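These numbers were taken from a predicted model, which means no experiment stands behind them. Labels below follow one simple rule: chain letters A, B, ... track the order of the sequence lines, proteins then strands, and each chain is numbered from 1.
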2 protein chains.
Amino acid sequence: MVLSTGKGSLPLYLQIKEMLVAKISGGEWLPSDLIPSELQLAQELSVSQGTVRKAITELVENNILVRKQGRGTFVANHDTQRALFHFFHIVNDDGVKVLPNSRTLSCRRKRATRLEASRLQLPSGSSVVSIERVRELEGRATIVEVITLSADPFSNLIKPKACDLPNMLYELYEKQFGMTVHTAEEKLRAIAAPKRTASLLNVPEGSPLLEIERIALGLDRTPIELRISQCSTVKHYYQNTVF
Amino acid sequence: MVLSTGKGSLPLYLQIKEMLVAKISGGEWLPSDLIPSELQLAQELSVSQGTVRKAITELVENNILVRKQGRGTFVANHDTQRALFHFFHIVNDDGVKVLPNSRTLSCRRKRATRLEASRLQLPSGSSVVSIERVRELEGRATIVEVITLSADPFSNLIKPKACDLPNMLYELYEKQFGMTVHTAEEKLRAIAAPKRTASLLNVPEGSPLLEIERIALGLDRTPIELRISQCSTVKHYYQNTVF
DNA sequence: TAGTGGTCTAGACCACGAG
DNA sequence: TCGTGGTCTAGACCACTAA
């Protein structure tokens, strides 16, 4: 890797940042790997420690790297904690986040609807994997989810028995498929409970539900997953903090 | 101001950060004021430019200061743009944020309900200002809002005719009352439209609405405003991006 | 004790904005 | 042209971790 230092070129620290992201999204460095020390990188790249430091600082702020004083810098491990605290916004009436249980109803291959194809940026009619599941919070069926994945990287998902899909799918995508979910874009609406959801959640048909359409994006902003969640907000709510 | 440099003390740059925030939330520096240059602050505080720089960098990341190359560093101006883009999450079906129009229905003084008092951290039964208004998006009545403010700093709000309250209240709080809204905590639920809201929004009673309960917090995290918005999500939705 | 990140310094040069 | 923030260097010392 050679850094360019001319006039019209990006600042060194941004070039280094891109290089580090490439190592991670290219699979050379895996989640929870220790990366070379700041001094080592600085020597390899013939820049000062401060310049490497600035690149790493921005990646730490993006939750892509994690610094541990005295130990080194690691590729972020987007595990249960992160999935739960960053991407799961449903809390109980006391404002406490509780881990949901999931029961998978089906997991099969099908052709993408127009919506699914467009959200996942696939050609219309592409083959996708579709998962339907019910999530319980504090013993109460609260969320019905329909999850759509491009069949291309994820076709192996259908092979295991449908029922043993893990609760935290993002962890699975990362460990089994090397797809790290880094960002999510959500659209929220209030809807009237459709028949099937109503019966799964044990609420009257037509009662108000919170519908969340989420696109999960990778480190390089490729769409990974489309997830439509229909949530009863009788005993829980969606929490968001804006800075 | 003297910085402490002993063992158990905070890093210098954090002490400087606190000092700068104090100047702003204390009213010594007002929104869109130019603050002293990095070099000048460094000399006054007897630290290096890099240390001041680190403090300022963090405040820029928090949207409290704004840097302008060649000109200087300014106190952030939390004006229309910011209010619109940071705190307003309702977009139309094309994902486009549109400026709402507001029609104020009432603006009066009353005693806080238990909920209002607890959210605003006031003694129960305190005097508060309560505003009710309807907001139109793209010509369509979409949101009914009930806004509650502590009467103590805000009692002047009742004096003008109720109808000429501005559309962007956070700008008013900042300019008229020196209260800058920096953070908001939102709780979202789906509810069945109550009678009054239904008639204001021209939807059937009981139809699903998105209810947003928002607490707006100041720079020092004091609660400033409680706002309950009931939104029709037929032609619009609530948008959120998670990193 | 050796190696890591965390803080801090004192300087250099560049890019930009205003007069 | 001058002062600002933006980038970059080469060092110093501290705090923490692991061997």
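Contacts of K17(B) classified as salt bridge (charged side-chain N to carboxylate O under 4.0 Å, His left out), with partners at least two apart in sequence or in another chain: E58(B). Listed by chain and residue number, L10(B) satisfy the side-chain contact (heavy atoms from CB on, under 4.5 Å) test with E18(B) (two or more places apart in sequence, or in another chain). Under the rule for a side-chain contact (heavy atoms from CB on, under 4.5 Å), the partners of Q239(B) that lie at least two apart in sequence or sit in another chain are V91(B), Y237(B). When the side-chain contact (heavy atoms from CB on, under 4.5 Å) test is applied to T241(B), the partners found at least two apart in sequence or on another chain are T183(A), E185(A), F243(B). Scanning for salt bridge (charged side-chain N to carboxylate O under 4.0 Å, His left out) contacts around R189(A) gives D93(B), with sequence neighbours left out. Here Q121(A) pairs with P223(A) under the side-chain contact (heavy atoms from CB on, under 4.5 Å) rule; sequence neighbours left out. The salt bridge (charged side-chain N to carboxylate O under 4.0 Å, His left out) check on R227(A) picks up E145(A), E225(A), with sequence neighbours excluded.
Note on residues 63-78 of chain B: pairs passing salt bridge (charged side-chain N to carboxylate O under 4.0 Å, His left out), not counting sequence neighbours, are E38(B)-R67(B). Legend: salt bridge (charged side-chain N to carboxylate O under 4.0 Å, His left out) pairs involving residues 28-37 of chain B, not counting sequence neighbours, sorted by first then second residue: K23(B)-E28(B).
To the nearest angstrom, C1' of dG5(D) lies 11 Å from CG of L39(B). Between Q40(B) atom CD and dC2(D) atom P there is a gap of 18 Å when expressed in whole angstrom units. The CD-C1' distance, from E38(B) to dT7(D), rounds to 12 Å in whole Å. Residue L45(A) contributes atom CG, which lies 18 Å from atom P of dT7(D) at whole-angstrom precision. Atoms NZ (K54(B)) and C1' (dG5(C)) sit 10 Å apart, rounded to a whole Å. In this structure, F74(B) places its CZ atom 12 Å from P of dT4(D), rounding to the nearest Å.
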Anything under 3.5 Å between a protein N or O and an N or O of nucleotides 17-19 of chain D, put it in a table, one pair a line.
from    : atom 1 : to     : atom 2 : distance (Å)
dA18(D) : OP1    : R71(A) : NE     : 3.4

Produce the list of close N/O pairs, under 3.5 Å, pairing protein atoms with atoms of nucleotides 8-10 of chain C; give distances to one decimal.
from   : atom 1 : to     : atom 2 : distance (Å)
dC8(C) : OP1    : L12(B) : N      : 2.5
dC8(C) : OP2    : L12(B) : N      : 3.3
dC8(C) : OP2    : Y13(B) : N      : 3.2
dT9(C) : OP2    : S48(B) : N      : 2.9
dT9(C) : OP2    : S48(B) : OG     : 3.0
dT9(C) : OP2    : T51(B) : OG1    : 2.3

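Listed here is the closest heavy atom pair of P100(B) and L137(B): CB-CD1, 3.8 Å.
The bend of the helix from dT1(C)-dA18(D) to dA18(C)-dT1(D), defined by the angle between the axes of its first five and last five pairs, stands at 10° to the nearest 10°.
Residue R67(A) places no side-chain N or O under 4.0 Å from the OP1 or OP2 atom of dT4(C). Of the side-chain N and O atoms in T73(B), one or more sit less than 4.0 angstrom from OP1 or OP2 of dG5(D).
Salt bridge status for R140(A) with E136(A): absent, with no side-chain N to carboxylate O gap under 4.0 Å.
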